[in-house]
Structures are given as structure tokens and as C-alpha cells.
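A, B, ... follow the sequence lines: proteins, then strands. Residue 1 opens every chain.
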Protein chains: 2
Amino acid sequence: MTGEARARFERIYTLLRERICLLDYPPGMRLREEDLAEEFDTSRTPIRRVLARLEDEGYLRSVHGVGTMVTDIDIASLEQVYRLRVELSELIGKLSPVPPDEDAKRAFATMKSRCEELVGTPSQRAFAQLNMDFFHLLMTLTENEPLQEFSERLYYQTTRIWLKRAAGEDGTEETLASEIGFFLREVSDIAAAVACGALESVGQIRRAHVAMSFARLKKRAGEEVEAASF
Amino acid sequence: MTGEARARFERIYTLLRERICLLDYPPGMRLREEDLAEEFDTSRTPIRRVLARLEDEGYLRSVHGVGTMVTDIDIASLEQVYRLRVELSELIGKLSPVPPDEDAKRAFATMKSRCEELVGTPSQRAFAQLNMDFFHLLMTLTENEPLQEFSERLYYQTTRIWLKRAAGEDGTEETLASEIGFFLREVSDIAAAVACGALESVGQIRRAHVAMSFARLKKRAGEEVEAASF
DNA sequence: GCCAACGATGTTGTGTACAAATCAGCACCA
DNA sequence: TGGTGCTGATTTGTACACAACATCGTTGGC
């Protein structure tokens with residue numbers, strides 16, 4: 001695949017993955033190849049190429065004669081993914097780190113501002129978008145492409161589930177506000193580390209926050225189970 | 001995709017990947033969809049599904065109107081992949097390690113025997129196969145599926161290039177014998193660590209050997225350049 | 001009333017014809 | 001002689017028709 005075909009493929013792939021991650025396509029939702037083909041003004045063939053990749057990467061599951069559904073993940077599998085994500089997070093500062101220039105530093109400062117705004121006007125959607133933008137900004141700090149690719153996979157796989165449970169339908173407004181608060185701290189800490197060029201610290205801070213984020217998620221899941229049993 | 005279709009897909013995918021890794025399909029070789037379709041007694045459609053995945057994972061590159069070629073990798077990209085692989089190697093002993101039972105210990109002992117045999121009758125092909133079998137045996141020591149998946153990707157991506165340069169056409173018989181010697185030491189050390197259940201040590205030993213393996217590769221590459229400039 | 005068999009409907013998987021693109025060879029001309 | 005454009009062959013990308021399969025409602029028997 002090359003040229004125009006490749007470009008279209010990437011466009012559709014990225015868009016669908018984003019819809020899945022932002023819960024526009026929530027876990028369990030059924031997609032129809034023909035609908036997508038119509039939306040992107042093409043036939044089923046190129047669409048199936050995209051869906052195949054999304055299935056290989058674990059976002060979708062196609063069943064012959066039924067449909068293709070957005071996957072959900074049980075807490076046990078999610079823990080495995082998170083454990084690996086924690087380890088990879090730290091590598092940002094270790095594998096081919098890119099010393100941030102002034103533009104990069106400004107970008108992190110801007111993130112912090114956007115985050116502070118969000119504290120005043122909490123919104124699940126805006127939070128999800130900001131979280132994603134921040135992740136991609138972080139990825140610019142390393143030049144190690146395999147690390148970027150794997151981190152992206154782990155991020156999208158975990159974040160959509162985390163978002164669903166922590167700040168989606170399942171979560172209260174309190175938890176949303178609380179999570180935004182934690183996120184503001186993370187962004188502040190990392191922005192500070194970036195400002196003085198301490199990329200190894202960036203990795204360590206990120207690692208700590210990813211780990212804590214999952215710990216909170218597990219704690220809430222445990223409480224739900226407890227509450228349900230009464 | 002499900003049921004029989006899935007099984008066939010996995011079968012063809014695994015087989016083609018193995019052919020690529022064992023250099024039956026060396027870098028630069030051109031594959032034809034129709035030939036493969038005929039070999040596996042099907043149409044181009046399911047074959048294209050497999051090739052698409054192999055392309056997404058970086059083993060192949062399809063170009064409209066030309067063909068699909070097995071990729072090669074420059075030493076710079078390879079270094080990035082190796083750096084990450086070194087880090088992930090150690091995680092085998094840290095993320096959901098599985099205490100080896102007697103069968104597992106025996107399997108490692110068998111590996112050591114096979115390796116000792118190989119020292120007497122060196123063969124590039126047998127070495128490649130043994131190396132691959134050993135990798136898969138190592139992977140049974142962790143239950144972390146994402147770690148398994150990523151390790152596999154990095155292994156296949158690096159090993160085929162390493163094999164080509166270290167023990168393939170580019171390498172002398174001396175380097176092959178030398179590499180087999182190093183490999184025997186690695187297998188011995190790891191088998192010993194497994195025998196006493198020290199999985200954390202397994203990870204550290206593996207990490208060290210992966211790193212040294214790449215160091216040797218780079219050294220040889222440097223010497224070649226030097227030799228060529230005279 | 002209940003259950004089983006069956007058919008209608010909808011969806012993904014496969015086969016195939018055709019479109020689009022690249023490349024090698026060759027004729028042709030400056 | 002060198003370059004330039006054309007044509008045919010080859011190969012991947014796309015569209016579409018059909019096969020395989022699952023689901024659900026219906027209908028008939030008991």
C-alpha cells in the first residue's frame with residue numbers, strides 16, 4: 001500500500017481509533033462495514049483493511065454473521081496492560097530523549113493552562129481530549145519509534161477503559177473533578193521537569209502517575225463490588 | 001473474523017513470519033499475492049489480510065503496481081529496536097513471572113543439550129531454529145500477554161536482521177561458530193537460573209546477552225565499513 | 001401453552017473482474 | 001549516441017456479487 005491509498009487508510013484508521021478512545025464508539029457498540037464505507041465514500045474493501053488492523057490491535061472484534069463490536073476489557077487483563085505501561089512510561093526519559101527547545105517548553109506550559117481552565121469547567125469530553133493531546137506531546141520527547149508505537153498502543157487500550165470507568169457513565173461527577181485535579185498535578189509536575197530539561201525525571205513522574213491512576217481505578221472498582229453486594 | 005477463518009489466518013501468518021525470520025524470504029525478496037494464494041489453496045483476499053498485518057508490523061512493504069517486498073532495516077533503526085528490546089527483556093522476570101515446574105526445568109535442560117550438539121555441527125539454519133525455540137520457551141516464564149506480544153514483535157524484527165549479518169551470507173563461518181558459543185553460554189546461564197527458580201536473574205541475564213549480542217553486531221558492522229574503505 | 005423447526009433478514013468472509021500504477025523494452029527522433 | 005515517449009506486461013488496490021453464518025420471529029405440531 002502506498003501513496004494516496006496509504007494516506008486514506010491512515011486517516012480512517014486514526015479517526016476510528018480516536019472515536020473508540022473518546023468513547024464515541026463505547027465498548028460493546030456494533031459497527032457496520034457498509035455504514036462506514038458510505039461515510040468515507042468508498043467500498044467495503046478499504047474499510048475492511050482498517051477494521052482488520054483495529055481488530056489485530058485489540059480494539060475491535062469481528063464475528064462472522066454477527067458484526068464487529070468494540071471490545072471491552074476485564075480488570076485482570078487491564079492490570080496486565082497497565083503493569084507494562086508503567087514500565088514503558090519511564091523509558092521516555094531513557095531511550096533517545098530529545099532535549100526540549102523553547103517551543104516544546106511553551107507547549108507544556110499551554111497544556112498546564114488548558115488543564116487549569118478545565119478545573120473550572122469540568123467536562124468528560126474535554127478531559128479526554130486534553131489527556132490525549134498531553135500524551136502525544138509527551139511522545140515528542142523521545143525519538144525511539146518502536147517505543148512510541150508501543151506506548152501508543154498501551155495508551156489507547158488502557159485510557160478508553162479508564163475513561164469509561166473513571167469519568168464516563170460509570171463515574172460520578174465527583175470522580176471526574178477528582179481525576180482532573182490529579183491530572184493537573186501531573187501536568188504541572190511534568191511541565192516543571194521539562195522546563196529544566198530533566199527528561200529522566202519526566203519519565204519517573206509519568207511512571208508514578210500512571211501507576212497511581214490505575215491504583216485509584218482498582219480501588220473504585222473494588223468499592224463498587226462491595227456496594228453491589230449490600 | 002472467527003472460527004475456521006481465524007485459524008487459517010493464524011496458520012498462514014505464523015508460517016510466513018517464520019519464513020521471513022529464518023531468511024527463507026530474505027530482505028528484498030518480492031512476494032506475489034497470487035503465488036501465495038495458490039500455495040494455500042485460496043483466493044487473494046485472505047492472503048491480502050495476512051500480508052496487510054505483516055506490513056503493519058513492519059516485515060513487508062507493498063507498493064501499488066510493483067509488488068510486496070520483505071523489508072530491510074538500516075543499522076540506526078535497528079539500534080532503536082534493540083534498545084527497547086534490551087529493556088523489555090528484563091521484564092520477563094518482573095511482570096507476572098510463572099514459577100517453573102519440573103517440566104519447564106527439563107525443557108531448559110533439553111535446550112542446553114541441543115545447543116551443545118550444535119557446537120559440534122554448526123549450521124546456520126539449525127542455529128536460527130534453536131534460537132527461536134529458546135525465545136518461545138523463555139516467553140512461557142511470564143503470563144503478561146501484552147509483554148509477550150511486544151517481545152515477540154521485537155524479537156522477530158531484530159533477529160532476522162541479526163541472523164542475516166551475523167550468521168547468514170554476510171557472516172563468515174567463524175562468526176557463526178563464535179555466535180553459537182555465546183549462545184551456549186546464555187542458554188547455560190539461564191537454564192541454571194531457571195533450575196533454582198530465580199526468574200529475576202533470568203531477566204537480567206537475558207538483558208545482558210541481548211545487549212552484548214547487539215554490541216558484537218555493531219562492532220562487526222563497523223569493521224566491515226573499515227575494511228571496505230581500504 | 002410450549003417447544004422445535006424453519007425461513008426471512010442482516011452481517012461478515014470469499015472469489016473475481018476490473019481499475020490504477022509501475023516498469024522494462026523499444027521505436028523514434030534530435 | 002542519448003534521451004524521450006509509448007506500449008504491453010505485470011502487480012497491487014478497489015468494487016461488487018455471492019457464499020457462509022448467526023439471529024430472531026413465526027408457524028406448526030403436540
Side-chain angles (χ1 to χ4, degrees), chain A residues 1-17 19-20 24-73 157 160, chain B residues 1-17 19-20 24-73:
Chain A
M1 198 171 36
T2 187
E4 197 183 333
R6 181 106 209 151
R8 179 175 62 175
F9 171 82
E10 292 286 351
R11 203 182 89 245
I12 300 178
Y13 167 78
T14 305
L15 184 57
L16 291 191
R17 194 182 56 173
R19 285 180 183 172
I20 292 171
D24 293 332
Y25 296 163
M29 177 173 175
R30 218 167 91 222
L31 306 181
R32 283 176 13 91
E33 298 179 350
E34 207 141 350
D35 288 349
L36 293 170
E38 193 180 359
E39 174 181 353
F40 295 104
D41 195 37
T42 179
S43 78
R44 281 176 58 211
T45 308
I47 297 296
R48 283 180 61 77
R49 173 82 167 76
V50 173
L51 295 186
R53 175 159 178 181
L54 289 169
E55 184 178 1
D56 288 337
E57 296 182 340
Y59 303 108
L60 298 177
R61 171 82 192 245
S62 288
V63 181
H64 189 178
V66 178
T68 84
M69 281 81 68
V70 178
T71 56
D72 205 346
I73 297 191
Q157 229 357 298
R160 67 199 185 91
Chain B
M1 198 171 40
T2 186
E4 196 183 335
R6 181 105 211 149
R8 179 175 63 176
F9 171 82
E10 291 288 350
R11 203 183 87 244
I12 300 177
Y13 167 78
T14 305
L15 184 56
L16 291 191
R17 193 182 58 173
R19 286 180 183 170
I20 292 171
D24 293 331
Y25 295 163
M29 177 171 176
R30 217 168 91 223
L31 305 181
R32 285 176 11 92
E33 298 180 350
E34 207 140 349
D35 288 349
L36 293 170
E38 193 180 359
E39 174 180 354
F40 295 104
D41 195 37
T42 179
S43 79
R44 280 177 58 212
T45 308
I47 297 296
R48 283 179 61 75
R49 173 83 166 77
V50 173
L51 295 185
R53 174 157 178 183
L54 289 169
E55 184 178 0
D56 288 337
E57 296 182 342
Y59 303 108
L60 298 178
R61 173 81 192 246
S62 287
V63 181
H64 190 177
V66 179
T68 84
M69 281 81 67
V70 178
T71 56
D72 205 347
I73 297 190

> First and last nucleotide of DNA chain D in contact with chain B, 5' to 3', at under 4.0 Å to a heavy atom: what are they?
Replying inline: D/dT11 to D/dT14

> Within the structure, does a side-chain N or O atom of B/Arg8 lie under 4.0 Å from either OP1 or OP2 of C/dT14?
Replying inline: yes

> Out of C/dG13, C/dC23, C/dT16, which has the shortest distance to the side chain of B/Ala5?
Replying inline: C/dG13

>> Need one value for B/Leu31: base, sugar-phosphate or nothing, where a base atom within 4.0 Å counts as base even if backbone is also close, heavy atoms only.
In response: sugar-phosphate

>> To check you understand the geometry: which heavy-atom pair defines the closest contact between B/Thr71 and B/Pro27, and what is its length?
In response: O-CB, 3.5 Å

> With a 4.5 Å limit on heavy-atom distance, are the side chains of B/Leu15 and B/Arg19 in contact?
Replying inline: yes

>> Consider side chain to side chain contact (heavy atoms under 4.5 Å, CB included). Of A/Glu10, A/Arg8, A/Arg6, which one does A/Met1 pass it with?
In response: A/Arg6

> Under 4.0 Å between a side-chain N/O of B/Thr42 and OP1 or OP2 of C/dT14, yes or no?
Replying inline: no

> So does B/Asp72 pair up with B/Arg61, basic N to acidic O under 4.0 Å?
Replying inline: no

>> Without decimals, in angstroms, what is the distance between B/Phe40 CZ and C/dG15 P?
In response: 14 Å

>> Could you tell me how far apart B/Glu38 (CD) and C/dT16 (C1') are, to the nearest whole angstrom?
In response: 16 Å

> Could you state the CE-P distance from A/Met1 to C/dA20, rounded to the nearest angstrom?
Replying inline: 19 Å

>> Let me spell it out: for each of A/Gly67 and B/Thr45, pick the nucleotide of DNA chain C with the closest heavy atom. Which residue's pick is nearer the 5' end?
In response: A/Gly67

> In terms of side-chain geometry, is the basic nitrogen of B/Arg49 or A/Asp56 positioned less than 4.0 Å from the acidic oxygen of its partner?
Replying inline: yes

> Heavy atoms under 4.0 Å, any strand shown: does B/Arg32 hit a base, just sugar-phosphate, or nothing?
Replying inline: sugar-phosphate

> C/dG15, C/dA17, C/dT11: which one has an atom nearest the side-chain heavy atoms of A/Arg30?
Replying inline: C/dT11

> Taking all non-hydrogen atoms of both residues, which atom of B/Arg30 and which atom of B/Val66 are closest, and how far apart?
Replying inline: NE-O, 3.4 Å

>> In whole Å, I'd like the distance from the CD atom of B/Glu34 to the P atom of C/dT16.
In response: 10 Å

> Would you find more than 12 non-hydrogen atoms of other residues, nucleotides or ligands less than 6.0 Å from A/Glu38 atom CD?
Replying inline: no

>> By nearest heavy atom, map A/His64 and B/Glu33 onto DNA chain D; which one lands nearer the 5' end?
In response: B/Glu33

